[in-house]
Amino acid sequence: MATLELYSKGASVWIPDPDAVWVSSQLLQDYKPGDKHLLLQLSDGNKVHYPLGSASDLPPLGNPDILEGENDLTALSFLHEPAVLHNLRVRFLDYNSIYTYCGIVLVAINPYDQLPIYGEEVIDAYSGQDMADMEPHIFSVAEESYRTMTREEQNQSIIISGESGSGKTVSAKFTMRYFAAVGGAAQQTSVEERVLASNPIMESIGNAKTTRNDNSSRFGKYIEIGFGRKGDIIGANMRTYLLEKSRVVFQASAERNYHIFYQLCASRELPEMRSLKLDAPEYFRYTSQGGQMQIPGTDDVSDLERARNAFTVLGVQPDQQMELFRILSAVLHLGNVNIQVSGRSADRAHIDADDRSLAVFSKLLGVEGPQMAHWLCHRRLAIGGEMLVKPMSGQQAMEARDALAKHMYGQLFTWTVQRLNSALHTQRGQVKSFIGVLDIYGFETFDRNSFEQFCINYANEKLQQQFNRHVFHLEQEEYVREELAWNRIEFSDNQQCINLIEGQLGLFDLLDEECRMPKGSDESWVQKLYNQHLTSKRHPHFQKPRMSNSAFIILHFADMVQYECDSFLDKNRDTVFEELINILKASQLVAELFQQQENVSAVANGSVRSGKRSTREHKLTVGFQFRQSLQMLMDTLNSTTPHYVRCIKPNDLKEPFMFDPKRTVQQLRACGVLETIRISAAGYPSRWTYEEFFSRYHLLLQGFRSEEQAQVSCRRTLPDLIPDPDQYCFGKTKVFFRAGQVALLERLRAEKLRAAAVIIQSRVRGWLSRIRYSKILWATVTIQRYSRGALARRLAETLRYTKAALMIQKTYRMVVVRQLFLMIRQATVTIQAFTRGTLVRRRYRELLAERAAVLLQARVRGWLARQMYRRVRAAVVFMQCCVRRRAARRELLKLKSEARSVERYRELNKGMEVKLMQLQLRADQEVEATSAELEALRATIQKLEAQKYEKLQPSPAISEEEVEKMRRAEDKAAQEILQLTEVEFINQALNKASTALREELDEERRKYQGLLREFTRLEQRYDNLREMSLLTEVHNCRPQLCSNSCVADSFDLAMFTLLSVFAPDVRVDSALSLPPGLPASVLFLCVRQADCSGDQTRARSLCSAAVTAMKAALKKHSNDIAMTALWLKNTCVLGDLLTQHSPKQTLDSDELVPLTSDLSDLIRALSDLCIQAYQQLLSITETHLQNIIVPALLESETITGLSGPAAKLGTPRKRAGSEPRTGPGDAAPTMASVLRELGALHTALSHQALPLVLMEQAFRQLTYFISASALNSLLLRKDMCCCSRGMQIRYNVSLLEEWLRGRGLQAGGAAATLEPLIQAVQLLQAGKKTEADAEALVQTCTALSGQQIVKILTLYTPHSDLDERVTLNFIRSVQGLLKGRCDGQPPHLLMDVRRVFPVTFPYLPPAVLHAEQLVIPDSLKISFVRRV
């Protein structure tokens, strides 16, 4: 067998280990058939002998290093358990990747930590992308199911399973959140909010703390999210399975009851909760048994508030919520009812009449306390046609009390689910298709397993069978599609185990039969099991424990589980006495909960036990109900396309990023991941297209070497490379290999490359030796020539030195004598000079000391006085600053609180623009004044320094007065320098304050424009709702409106005709042919004419009508860039004209005539309309760019052939149902498409002569959107993170930069927004090996956050043999350097695509406007406006 050849020296193998499950080792010698052991070296350096019995006992081979960290386990060359475990460990611990594909299964490992990978920017990045292109994520599975549903119009299901604490509930929550985002963002409906609002409610009443999970779902749920024809969510429905009602009355150690009870107890101090008479959880029996009252990191009060808000969203009124809380509180008080015993043998139970808990229970539910006390301790029996009342023992009474509590909670749970379903029911039309999300318990095995674990494991057996058959079906579909001659793949079918449980005379049948027996017991039932499945006919999946006669063992697909039969019958019956139910039915509060007893549903919560045997015999057992509901679920899943998510719990300590291999392997075996690997490995797991195979292994192929003949070459060469024809198979488009054959091809390829390298090395070494000999020969001759010349030059130099020495001796003796004479003379003169100078200086110092003492006293006194004055002044200034800052903070808090209210939006708008202009003007004036003062002070400093320099020039003689003047000048200069330094500090503080003021101003603008955008959305939503109801009235009123508008006088005719120009149904070509701003100019002339004639009402009505018409035009042309730009221009022009002629504005020219009407509110409305038009303009362009950014910027190969022919080993294959975004005939978008869309916007803005400042702001927003979208996709796509692709992306970005420079738009910040993407592609191209490379990367990539840098390094994948994967040591060194970098970058991995920069419209007052200057086209037929 060819695989045995891979067991050679240096090969990596996996051997079992008791602690790590599997450890890696290396072969120290080749394996030969017949060897009894292998010599291995472990990773710690120890050598071991691995025993072998036969070739089948060989340890599993390790995968090549290039496949380490693959995001799809089926892409591994060797598919086995150690390879799967190692790949998951590497991705989880080294790459911090919690998601991994395994064929059609998404493996999700719970990190026990908050990761920034679920934000809105991540949803945007995965929306519309192919599953095979992106990094594994729960959003990728959700997107795949959503796309398959919309494309094939077929229902989908997402099956999320795993054991408690593995993250099933969180995965289901994020899946629903994704559907709510992609299925409701465009329609802006409330259905998505309701779907998401169901999560906190179900978590409160259905989740509890267990030893394995702080938020464990104690029930299974299947949520069907209904979608309409347009892919929008229009409804939802929820089905629940097997609520763990026993938790209501009993909790194990370190566990809690359901969250809702602790939330109510924590909120007992609220005014509305005081009537419930609640106390701390320690006070109640039903909440204190586990000993855990609080979960670290959770707030029960805020969780209850969140649940109440969710109830409100779903339409449950506050009074109904309080009724719900009253029932829950009654359950807690019922558990505290004290049941006492009496009688000789203590077989009579009774309850005191003054029992406080029973009194509170009765008052909360409105029932009779004595009746409840009586029937809790008595039961009614039918004997011989007579009804007898029999007292119960204390144990029976407590069981009856607990059964009533469980029954009440079960009915309450069912009622809540029904209430949620009615709120989530569609009201907007027929459901076209749905996506179901199944969050169900995984396989469970504990030290003691009971009825709940039996039902859970039975459900997992059914789901595992469905999963195996679906995987097998997909595998065979691939072979049929490729027309392979294949044999049927055998897989482990668990039908026998399922028949043991649900078949005829199976465990459920015998259990139901025993429940119908009058004296049935758990012991008799288990004896029937032994007789049926061991004695009469031994079942392979059933066993009996050796040391117990009250338990049985079932061999499940995942593990062998022993079940204790205690309480099986009671839990299966789940009965409660009819007398207690009748008492509760008399209460108006809880009567609604028990209406379903009349018609038992398929998923009931139990049965009611009465004294009549005939009635009891026909009640449905819990097991029968569970089988029915499970069969309904399986029918639903079989009718849909399933998608699987397997959640893994990495450790039992809940430590973040801690990997326990034993626990992980146990769950991998239980959840079916290894079964998927086994089915895939049984066939042809490795699949290559002929082009990919040719790109990788063209060195091994013979004959044709062109890619066009790849299939012919592959078919001709493979039989020589792999002699066994059963190890490969040729399909229509792919070549298929069995497990291990790709590794064999890799070895052959490496050997051929090694042979070629040896030949190249021999040729290069010979060439280097010949070059070296030539150089040595030339060097020898050269050395000889230079040596002879050096000896001759040395002799000549000796003769010259001898002659020179005689001359030097003669000259030196003469110089020594002369220097001695000169030194004596100079010493004499110097002594005389120093003696005279000493006497003069001594006298001068005495005079100077007297003068300095007097001067020092004066300076000290002056300094003390000035210090006192400065302290007083500083204290006064500080006190003034504190008072003003406190007043300013109060005003700021008041403004911020008012800014959060959408209803007061228009009040906030009043004076906002004036305030902004005043703040901007004040800031500019302060900066100019400060700059002028600073320049003056600097000039003074230079002048003083010049004077000081002049005064310091040496003079022949300096008098005492001049010295004193110099000292005074120096002191004055020092004081002035000190003052200038203080001014510098003040200037810096002023600059900081100005910067903070500008930032605060931008933040207020951003909030204001966000409120405006939200207001516009709500207004649009309101208009959509009114549109259908007012459509008839609009048609009826339109003729009357026209007749009323067409008045006789010419001015009214001008107004009507002018408003017709602003009408939404005006022709596009005629509107675009108008001069920029013409409609606004004409309208302003009419407003001014009406204002001059004294008719202020008409002027205001004309402006209001124009604003309304502009809004309607923007709404009609919501997808037209040119028309939106036209109305943006006219809105700006009209607003500037009204502002210029406002009575509050200072007129700059005598020709300007102010308006008498106060139109400030309409000016604000026009300002808001400008922002709305600007946002609509960007929204149109972003919509056009959204689907072409990633293909054009990242995927398009503008530089042909740069990526090279080498394909990566283990390229992930496309999954079933995953189709590309573009069809075979569609052209892939390129950078020309992006530039075309940007050019269309630039043309529209330029045609309307909009100011350059506004255009720069628009393109800054668009380039940020392009950069963020491209970078987010790059961070989630492993195939894009390589050097060659980085060069392609950098070239594409340079085209965009060149386009911006060609139109003069780079100065407005548009080019700066591309910096994160540019640095990301530079990171792909830079060296990533040494410490110096790490420091250079950290210093260069300043626009990227630390998480983004590490993510790119982690995803970096070499696409050729010349490149290498980034080592973990290098990544750790980069992480260490990033810890010391304080760049202020946010901790998010992805950029916020929805970030909006605030826009500022420049105020450009036009020239004086005259009617005769307007160029009005004749086609408008409004030339009479010139006479207005």
Side-chain angles (χ1 to χ4, degrees), residues 124 127-128 182-189 228-232 1009-1031 1034 1059-1072 1074 1076 1079-1080 1105-1135 1165-1189 1236-1245 1247-1248 1250 1254-1255 1257-1259 1261-1262 1265 1393-1394 1396 1399 1401:
D124 294 336
S127 178
V182 301
Q187 287 73 24
Q188 298 294 343
T189 62
R229 294 184 178 273
K230 297 181 180 179
D232 55 330
Q1009 293 175 11
L1011 290 174
L1012 181 61
R1013 183 165 54 255
E1014 182 68 16
F1015 175 78
T1016 304
R1017 184 186 67 81
L1018 295 175
E1019 189 177 35
Q1020 179 67 31
R1021 182 174 174 182
Y1022 175 72
D1023 293 341
N1024 293 338
L1025 294 175
R1026 290 185 53 195
E1027 189 171 329
M1028 296 304 296
S1029 60
L1030 298 180
L1031 186 59
V1034 171
L1059 290 177
S1060 66
V1061 177
F1062 283 85
D1065 53 354
V1066 65
R1067 291 184 57 185
V1068 176
D1069 53 351
S1070 61
L1072 294 178
L1074 297 176
V1107 172
T1108 305
M1110 287 181 180
K1111 288 183 178 180
L1114 287 174
K1115 180 181 178 182
K1116 178 178 176 61
H1117 302 286
S1118 59
N1119 294 321
D1120 193 334
I1121 292 180
M1123 290 299 293
T1124 305
L1126 182 143
W1127 294 119
L1128 175 60
K1129 175 65 177 179
N1130 285 281
T1131 307
C1132 294
V1133 171
L1134 183 58
L1166 286 171
S1167 176
D1168 296 343
L1169 194 59
C1170 288
I1171 298 175
Q1172 179 182 347
Y1174 173 82
Q1175 293 174 349
Q1176 178 173 311
L1177 199 65
L1178 294 181
S1179 178
I1180 296 171
T1181 308
E1182 288 177 355
T1183 303
H1184 293 168
L1185 289 172
Q1186 186 171 8
N1187 294 328
I1188 65 175
I1189 291 176
R1236 191 182 306 115
E1237 296 294 338
L1238 296 178
L1241 176 62
H1242 184 267
T1243 302
L1245 297 178
H1247 181 72
Q1248 297 300 327
L1250 285 165
L1254 187 62
M1255 295 173 63
Q1257 295 181 78
F1259 282 96
Q1261 182 69 52
L1262 291 176
F1265 177 75
V1393 182
R1394 303 181 184 181
V1396 178
V1399 59
F1401 291 90

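Quick caveat, the model's predicted, so the values are computed rather than measured. Just so you know, these numbers use all the heavy atoms, side chains as well, and skip hydrogens, waters and symmetry mates.
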If you look at every heavy atom in [X] and [Y], which pair is closest and at what distance?
X       : Y       : value
Gln1176 : Ser1118 : NE2-CA, 3.3 Å
Cys1170 : Phe1401 : O-CZ, 3.5 Å
Met1255 : Leu1250 : SD-O, 3.8 Å
Leu1245 : Ala1125 : CD2-CB, 4.3 Å
His1242 : Phe1259 : CB-CZ, 3.6 Å
Tyr1174 : Leu1128 : N-CD1, 4.1 Å

Exercise for review: Under the side chain to side chain contact (heavy atoms under 4.5 Å, CB included) rule, what do Met1110 and Leu1114 come out as? Steps first, then yes or no, please.
Suggested key: CA-CA 6 Å; Met1110 287 181 180; Leu1114 287 174; 5.5 Å; no
**Study point:** Gln1261/Glu1182 under side chain to side chain contact (heavy atoms under 4.5 Å, CB included): CA gap, chis, key distance, verdict
**Key:** CA-CA 10 Å; Gln1261 182 69 52; Glu1182 288 177 355; 4.1 Å; yes
Exercise for review: Show the numbers, then the answer: is there a side chain to side chain contact (heavy atoms under 4.5 Å, CB included) between Leu1262 and Glu1237?
Suggested key: CA-CA 11 Å; Leu1262 291 176; Glu1237 296 294 338; over 6 Å; no
What is the distance from atom [atom1] of [X] to atom [atom2] of [Y], rounded to the nearest 0.5 Å?
X       : Y       : atom1 : atom2 : value
Ser1167 : Gln1172 : OG    : CD    : 12.0 Å
Lys1129 : Gln1248 : NZ    : CD    : 8.0 Å
Thr1243 : Arg1236 : OG1   : CZ    : 12.5 Å
His1247 : Ile1121 : NE2   : CD1   : 14.0 Å

Point to revise | Identified side chain to side chain contact (heavy atoms under 4.5 Å, CB included) counterpart of Thr1124 within the set Asn1119, Thr1181, Leu1241, Leu1177 | key: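 Checked Asn1119, Thr1181, Leu1241, Leu1177 against Thr1124; only one passes side chain to side chain contact (heavy atoms under 4.5 Å, CB included): Leu1177.
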Check your understanding: Would Trp1127 and Asp1120 count as a side chain to side chain contact (heavy atoms under 4.5 Å, CB included) if you check the C-alpha gap in whole Å, the side-chain angles of each, and the deciding distance to 0.1 Å?
Key -> CA-CA 11 Å; Trp1127 294 119; Asp1120 193 334; over 6 Å; no
